[in-house]
Amino acid sequence: MFSLGSCSKYLDKMPDDQLTLDMVFRDKTRTEDWLAGMYQSIPDPYWGYTRTIGYDPLSDDMAPSTGWEQFGWNVIAKQTGNWNPSTGWDANYWVELPKRIRSSYIFIDNVKANPAQLVTEEEVQLMKYEARFLIAYYYSLLIDAYGAVPFQLGLTAADAPEDELMIGQTPFDQIVDWIDNELKELSTLLPPSYTDTRKYGRATSIMCLAVRARMLLFAASPLVNGNADYNGFVNNKGEALYNGTYNPGKWTKAMEACKDVINAAEANGHKLYKEYNDDGSIDPFLSCQNLFFKRINEGNSEILFARPDCDFTSYDGHSTPRGTAGNGGLGVTQSLVDAFFMENGLPIDDPNSNYVEKGFSTAAEVRNTKWIEVQGGGKVTLPGTYNMYTHREPRFYVSVLFNNEWYRRENRTTQFYYGAPDGGPTHDAPQNGYLLRKKVHPDFDPRNGIHPYRPGIVYRLGEAYLNYAEALNEVDPGNADIVKYINLIRERAGIPQYGSGPNAIPTPAGQDAMREAIRRERRVELNNEGIRYRDIRRWKIGEETLNGNFWGMNFSGTEKDDDDNNPKAFFKRSVYQKRIFTEKNYWFPVPQSEIDKNPNLVQNPGW
Amino acid sequence: MYKKYPALICKGRLSCPLKYFILMKLTVLLITLTFIQVSAKSFAQQVSVKMKNAAVKDVLYQLTKQTGYNFIADAALLEKLPPITIEAKNKPLKDVLNECFRNQPFDLIFNEKETVVIKQRTQIEKTQQRIIKGKVIDENGDPIPGVTISVKNSQTATNTDGNGNYELILPKNKSALIFSMIGYVEEERSVLTVDLVNITLRRKVDDLDEVVVVGFGTQKKASIVGSITTIEPERLQLGTTRSLSNNLAGQLAGVIAVQRSGEPGYDNSNFWIRGISTFGGNRNPLILVDGVERSLNNMDPEEIESFSVLKDAAASAVYGVRGANGVILINTKRGKIGKPRVSVRFEQGITQPVQLPEFINAADYLEVLNSISRENGTDLLYSQGRIDSTRNHLDPDLYPDVNWLDAISKDNASNTRANFSVSGGSNMLRYSLVSSYYGENGIIARDPKQTWDSSSKLKRYNVRSNVDLDITPTTLFRLNIGGYLQDRNRAPYSVDELFQQAFTIPPFVHPTIYSSGEIPRTPQRENPWALATQKGYERYSASQIESLFSLEQDLGFILKGLKAKGIFSFDRYSNTRVTRSKSPDYYNPATGRDADGNLILAINTYGQEFLGYETGSDFGEKSTYLEGTLYYNRDFGKHGIESMFLYNMRNRDNGDRLPFRNQGIAGRFSYNYDRRYVAEFNFGYNGSENFARGKRFGFFPSGAIGWLLSEEPFMASLKNTFSMIKFRASYGLVGNDQLDGRRFPYITTIGDTGGYNWGINNDFHRDGRQEGDYGQPDLTWETVAKSDIGLELGLWNSINLQIDYFKEQRRDIFMQRRSIPGSSGFTNAPWANFGKVDNQGIDLSLDVSHQLNDNLFLSVRGTFTYAKNKIIEQDEPSAIKGTYRSSTGRPVGQLFGLIAEGLFTADDFLPSGELKEGIPKPDFSSVRPGDIRYADLNNDNIVNALDETAIGGTFDPQIIYGFGANIRYKNIDFGFFFQGNGKTYRIIGGSNFIPGSGRGALGNIYSNADDRWTLDNPRQDVFYPRLSDGQNANNTQNSTWWLRDMSMLRLRDVELGYNFSKELMQKIKLGGGRIFIRGNNLMTFSKFKLWDPELDVNNGLRYPIMKSYSFGFDINF
């Protein structure tokens, strides 16, 4: 009837179209696909730092609408201290980055030349270096978030014995040293840039040096350099995970690494991005805005480390007033608003700053700029602007969208009042009276589907300058380079410099004052670039900056009034959120699920 | 017939016939027989005779002389006859003879050999063929079609037609009819004296010779030792919904079923045989229609002839690696001998939601929001003026008050069901044709202003044609063709999505549409009414064709009792879609009116005027099945054997990389001694393409024994009381190769990561790839060891109780490892055959039927199923195992959450607002009096996710039961059926569930909003804790606060029918007629009051289960 002999063949079917590891690496495109998979966890400086990684809202820069918590913005619970080891984190570095690291090791083990498809031995070698760069970079992201982490080089089999799978944390400094050496070596092996424009975004020697400098700066900072809080905090083998003794050599190492980046970058043509007015002066508005929108072939060579593809559409959309078809609830904090310098380069708390908070301006404020987001003729603020927002530095205007500010695309001013087109009661409205403008493209137009492209900037020369100034101030206070590099930033920002140039401000006197000036400059220059949260943690200033009431304008204000006693007044400082930051928050918690699985892990301090 | 007589006579006392006058001599000599021999040519021969008061034998003598005919008669009998007077002239011999014996108990047998036998007419040897007619009805007086009427001790048989009528030609020499029908007590009637036999068949409570459908064949009920539940097909006519699966809950012992949605086309029930016994992916039973794996959802109940559920290993081991989740066998209707029987059924229903959540209106909503502000000490967000304007509907454009549920739905919908079937046939060819129509209109509203129709509706046409052809007396060919066409229409959105949106949008933000015609929408939100009615429509067309060819050969000529059967089946399913959709212009909600009184509106997004066009079609699914079987069933005295050996293979192609394939062999050997002791062995040896070579095939044996105590000789005297007592026990292995989430688990796969771009223009894209699933060559199927002990009890031929205890031990459950740490970098946790689950419970069914008197009949039935499973092993992380956080040792799907101890009171707080020392601090959000206080299980003084433990039970019920009764009095019948479930829990809540948590921008407020904690009335026994402005993470944690017992009891069906009298029916040439009114789901009893507890949703917003009121009729002729 039926023979069982043919039976075994009947089921003898194996999918022949299914990709195997072997096939991947016999094929150029699939090999590059694998490489792309490895690159995938490079942070998206737009939606990543905003939403999935959330470093900007975790800092005191960004204020996403608290109403978005219900849509899975678990960063909002974290802001308010409702954070425990079981709390979800979309980026989940602890679990996600080891996947990329494993993937990179598989790549190194398997990639091979393919002459038929013009993949040369040289190209293969370069790609292996890229893989090694990514492993080191991802470890740097891991220790940045968690401190000491389990550290293993190479691959583990799924059925490996328990002691190979269940590894505990490696002391922080050991991982730093490994990354340091690895990146330093790779910086001599990878090219500083690629002539093939299609390879833009692939690992370069500059990226190696930049990542290394940032990490060493972190490793030299107070959180992990001389912090006695973690004395006695040991791993499963009893090794101390952090060295509680201050080591000035770490600053020296960081300073040198920072200088290495600058030297290498400048030697390869990287410089601060600037645009100029017709009179030859720097246009700080256009410079600071377009720094994020211009590509390298459009004259922007400030970018040292780019992520070419980002979700800037979500970023723009959430920052665009809802009355103009955005769902504008992504704001900035009052703390950031207050951090911007005045037009004269002084902070608002300086007695000479001329800062006036209350009242409304009577005349338009005109500056020398071709920035078209303001009304023609450089009218940066209109008459009737709340005085808090007048006479501020250009970086303020390209970073913050405030109420009653001109909005070019709609040819009207913003209306953030409660019940007004751009305001409450919805959670898609500026809950504390501000929307984010930095990195938001002015031509973004959801109604007409316009989403202008720009690369994501993971690292730029401006940060390298400030990193160097900070490290140098710790190693050699008074070194002229410190002021030099800060002033390069201030010059481009269109504000008076320290000790030189027109309307110069006196150079901060002493190491501490200089440290404070550097920190202020970083806060302003690097706001909403995913950097501030790391700065707060490594400087150990979380308790001062992220603990307590957070302020803004009055969300439920319906009237253009600044009377603190008028409940309907919009322009009055109001608390919108009480944030909590305690000692434990300096590190992310080890996910509870991982603690549960791996008995050799120790939970981070305080969690 | 005649031939026998000479034989009889010759063998008897006469050696050979004599001629002429010997008549007289013989009479004297032999006494018993008279023999008259005449020679003549034909009966038509004319004779003339004139005799007065003559003896019969003298007359015969005369006739012999005239014609030459021989007459044979018993001389003694002839003597007894009275003298006759006869006068005939040139009349045919036959007429004259008949005249002689008129009114006498004699038959005349004319023979072509010029012999006439005169025989006393006895009751046995009636020599004329007779036609017997009659009608067969059941205890309800309803005609029973298809009853087999066979003449005792003969080959002659017929069947009743659709009206229960039959007619047969009674062969000579036969005098008794046997009336038999599966499910009815067989009756025998003598027809010696009557030509019209009307009979009432009693429904049989039990019959050991009844044939039961089992895996790959049938078996006599006596020899069944597996656990099998059957249901009469008419009980599957229970509801008016589309899916047959909705009629299972509570009706079948051992089946746990729940209906989680009422949406047309998506309202199939989930069902499991004996509950859930794996946390692996596939928990669905194997469903075989006419022996082929198919879906039951879209079958019309009218198509079904038998429905069996195979529950234990004895019944299902033959399915081997496919049978672990139990098996459902459905056979479709086949034709029976008889003239065409036609039946028509029609039912029209009006449907309504069982229960929809109720929301408060816009003004009340604003008041609630204001009260939250008041308690928080912040400014009131809504002025009294606005609230009043809203309440008084002053300007519905600016102060809208929309109940979005009402906006998207109609109050009533409808459904229609119609069946038309014909069956009949002859000895050679039998046919059954069933055609059905089902139509349903859903409750989603449409906009009559639109030319197109976006309402949800469904139409389905089923057809099934089964033909049986006897090619030779021992060869049976069967051809089954069945299938359906189904059209669905709806708005281009999932209806559940519409309901969720109707909950999400508050009543006061904007109207459905402005009086000036603009459609408002809050940016980033939806306008539920516009989604339902303004965005076009989508129509689906699905079709299924099922074919089966079967050839059955009786091999009795080789070996008595041997039979072979081959089956080939080809099925095809396809589904296509057309979407015509558009987006209207959406405006931001109006901010006021300008000086001219026009609404101030800003456009939000530009829409389009025309409907877009998009089609979609999927690959569909096709499957072929081939089966060859040998049966050997035979009784040797008291030893009975039933056995089966089979080979089968199946190929299912659903468009996946490779078709899914199975093949294997199966066998059964059942032995019984004197129908008292039964032993059975079953096995399945089969495999699937899923596993590595060498790991593909599995052997699944099972054994069972049974004892029919009631058949023991010493019980014979009690047979009327204990009509059936059967004990049975079984044990065996069954497998499950349907792995969830992973095919070909021995192959390491390459996964996708979403890609990355390089290049200055972001234009060098590469799809991301990475390691996918780690291949493990040893991976294999799940195995379940099932044991079952059962008792079947029949009492007084009217009560039948069947009760089973079962235990299932599922091993090697295919699962992803859960203890591999993240630092190892595996993209997906590796798979392993690791899990273990035990499952045990009981199921029982009880049927009682009793004819109280000629007019009153009563039947009661009930089922009960309880199944409780427990996870034994699931690779739970080491730190959790054995703690209160562990789900090991608990049922699959156990709910977890915090234990709510009540609400915080003002006493719990220091004046600073901090919690007092020693009170565990919740780690979700800052708390105030009125917030939920939780138990700190790990005593770390912090309440967080580590304090979650098992609460309540599982979401799928562990208990399902049903009970009902039917009463018939004369022409009126009434029946009802309740169905319930128990041990089912749900944690309610979700986004914006607590009033105010959406800050007025999101969410509706349920009508129980006042049942809440307030500063003024800080009750503990409230539904809602303190309301907060925005999300309150503390109060929305999964906890016992929101845990609800979702047990319920539903009046599933209540029906009142009237049977038209037979006289009336006959007058209009119909066999039978009945009209009925019926209600489905009319009442639901549950402790949970907010929405229908059976829905699979935690906030009640889903297409509801419908209740229906319907009217219908049945006619047959």
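First the proteins, then the strands, lettered A, B, ... as listed; each starts at 1. Keep in mind the model is a prediction, meaning the values are calculated, not measured.
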Inset, instruction - Examine whether an atom of B:Asp767 lies under 4.5 Å from a heavy atom of chain A, and if so say whether it belongs to the side chain, the backbone or both; otherwise answer neither. - result: both
Legend entry - Salt-bridge criterion met for A:Asp422 and A:Arg412 (N-O under 4.0 Å): yes
Legend entry - chain B contact via A:Pro567 - which portion, at a heavy-atom distance below 4.5 Å: both
Legend entry - A:Ser41 and its side-chain hydrogen bond (donor to acceptor under 3.5 Å, both in side chains) partner, picked from A:Glu96, A:Arg100, A:Lys99: A:Arg100
Legend entry - Option in A:Val95, A:Asn448, A:Asp428 with maximal non-hydrogen atom pairs under 4.5 Å from chain B: A:Asp428
Legend entry - Contact check, side chains of B:Asp752 and B:Arg769, non-hydrogen atoms, under 4.5 Å: yes
Inset, instruction - Go through B:Thr753, B:Thr827, B:Asn944, B:Ile760 and name the one with the most non-hydrogen pairs under 4.5 angstrom from chain A. - result: B:Ile760
Legend entry - Interface moiety of A:Gln40 toward chain B, non-hydrogen atoms closer than 4.5 Å: both
Legend entry - Contacting moiety of A:Thr558, where chain B heavy atoms sit under 4.5 Å: neither
Legend entry - Best-contacting candidate, A:Glu69, A:Met38, A:Met166, A:Lys199, against chain B by heavy atom pairs under 4.5 angstrom: A:Met166
Inset, instruction - Measure B:Asn761 against the heavy atoms of chain A and call it side chain, backbone, both or neither at under 4.5 Å. - result: both
Legend entry - Backbone of A:Gly168 reached by a side-chain donor or acceptor of A:Asn598 within 3.5 Å: no
Legend entry - Heavy-atom contact with chain A under 4.5 Å, split by part of B:Tyr774: side chain
Inset, instruction - Starting at OH of A:Tyr453, measure out to CZ of A:Arg295 and round the result to the nearest 0.5 Å. - result: 6.0 Å
Legend entry - Heavy-atom neighbours of A:Glu298 CD exceed 12 at 6.0 Å: yes
Inset, instruction - Determine the option with the most heavy-atom pairs under 4.5 angstrom with chain A, choosing from B:Thr748, B:Thr591, B:Asn604. - result: B:Asn604
Legend entry - Engaged part of A:Lys568 at the chain B interface, taking heavy atoms whose separation is under 4.5 Å: side chain
Inset, instruction - Measure distances from B:Pro830 to the heavy atoms of chain A and classify the residue's part below 4.5 Å as side chain, backbone, both or neither. - result: side chain
Inset, instruction - Please flag which part of A:Tyr105 lies under 4.5 Å from any non-hydrogen atom of chain B: side chain, backbone, both or neither. - result: neither
Inset, instruction - Over all heavy atoms of both residues, which pair between B:Arg885 and B:Glu948 is shortest? Give the atoms and the distance, please. - result: CG-O, 3.5 Å
Inset, instruction - Answer yes or no: is there a side-chain heavy-atom contact under 4.5 Å between B:Arg817 and B:Phe834? - result: yes
Legend entry - Criterion ring pair (Phe, Tyr, Trp, His ring centres under 6.0 Å) against A:His427, the qualifying member of A:Phe555, A:Phe71, A:Tyr576: A:Phe71
Legend entry - chain A interface, residue from B:Phe744, B:Trp758, B:Tyr586 that has the most non-hydrogen pairs under 4.5 Å: B:Trp758
Inset, instruction - Using a 4.5 Å cut-off on heavy atoms from C-beta on, say whether the side chain of A:Thr170 contacts that of A:Tyr139. - result: no
Legend entry - Atom group of A:Leu21 that falls short of 4.5 Å from chain B, counting heavy atoms: both
Legend entry - Test item: side-chain donor near acceptor, A:Thr20 and A:Asp22, under 3.5 Å: no
Inset, instruction - Check the side chains of B:Ser887 and B:Glu876 for a donor-acceptor pair under 3.5 angstrom, ignoring hydrogens and angles. - result: yes
Inset, instruction - Identify which part of B:Ile747 has an atom lying under 4.5 Å from any heavy atom of chain A, answering side chain, backbone, both or neither. - result: side chain
Legend entry - Partner chain B: residue of A:Pro308, A:Ala77, A:Gly201 with the largest heavy-atom pair count (under 4.5 Å): A:Pro308
Inset, instruction - Check each atom of A:Ser556 against the heavy atoms of chain B and say whether the ones under 4.5 Å are side chain, backbone, both or neither. - result: side chain
Legend entry - Option in B:Ala1033, B:Ala602, B:Ala945, B:Ser819 with maximal non-hydrogen atom pairs under 4.5 Å from chain A: B:Ser819
Legend entry - Residues B:Arg743, B:Glu689: salt bridge by 4.0 Å N-O rule: yes
Inset, instruction - Sort B:Thr378 into side chain, backbone, both or neither according to what part of it lies under 4.5 angstrom from a heavy atom of chain A. - result: neither
Inset, instruction - Among the options A:Thr156, A:Thr197, A:Ile580, pick out the one with the most heavy-atom pairs lying under 4.5 Å from chain B. - result: A:Thr197
Inset, instruction - Mark yes or no for whether A:Arg322, through its side chain, and A:Gly423, through its backbone, hold a donor-acceptor pair below 3.5 Å. - result: yes
Inset, instruction - Please look at B:Asn651 and chain A and tell me whether the side chain, the backbone, both or neither of the residue comes under 4.5 angstrom of a heavy atom of that chain. - result: both
Legend entry - Part of B:Phe660 lying under 4.5 Å from any heavy atom of chain A: neither
Legend entry - Contacting moiety of B:Thr1036, where chain A heavy atoms sit under 4.5 Å: neither
Legend entry - Most chain A-contacting option - heavy-atom pairs closer than 4.5 Å, from B:Gly759, B:Pro922, B:Ser823: B:Gly759
Legend entry - SB check A:Glu410 A:Arg447 (cutoff 4.0 Å): yes
Legend entry - Side chain / backbone / both / neither for A:Leu155 at chain B, heavy atoms under 4.5 Å: neither
Legend entry - Close side-chain approach of A:Ile42 and B:Tyr756, heavy atoms under 4.5 Å: yes
Legend entry - B:Glu771 side chain reached by A:Trp34 side chain, heavy atoms, under 4.5 Å: yes
Legend entry - Which of B:Asn690, B:Leu381, B:Thr605 touches chain A most, by non-hydrogen pairs under 4.5 Å: B:Leu381
Legend entry - Which atoms of B:Leu601 approach chain A - backbone, side chain, both or neither, heavy atom under 4.5 Å: neither
Legend entry - A:Asn327, part contacting chain B, at a heavy-atom distance under 4.5 Å: both
Inset, instruction - Select one option (side chain, backbone, both, neither) describing which atoms of B:Ile942 are under 4.5 Å from chain A's heavy atoms. - result: neither
Inset, instruction - Report the option among A:Val24, A:Leu35, A:Ile167, A:Ile296 that has the most heavy-atom pairs separated by less than 4.5 Å from atoms of chain B. - result: A:Leu35
Inset, instruction - Heavy-atom distances under 4.5 Å only: say whether B:Phe691 touches chain A with side chain, backbone, both or neither. - result: neither
Inset, instruction - Can you tell which part of A:Glu32 gets under 4.5 Å to a heavy atom of chain B, answering side chain, backbone, both or neither? - result: both
Inset, instruction - Find out whether A:Gln169 and A:Leu601 are in side-chain contact, i.e. whether some heavy atom of one side chain is under 4.5 Å from a heavy atom of the other. - result: yes
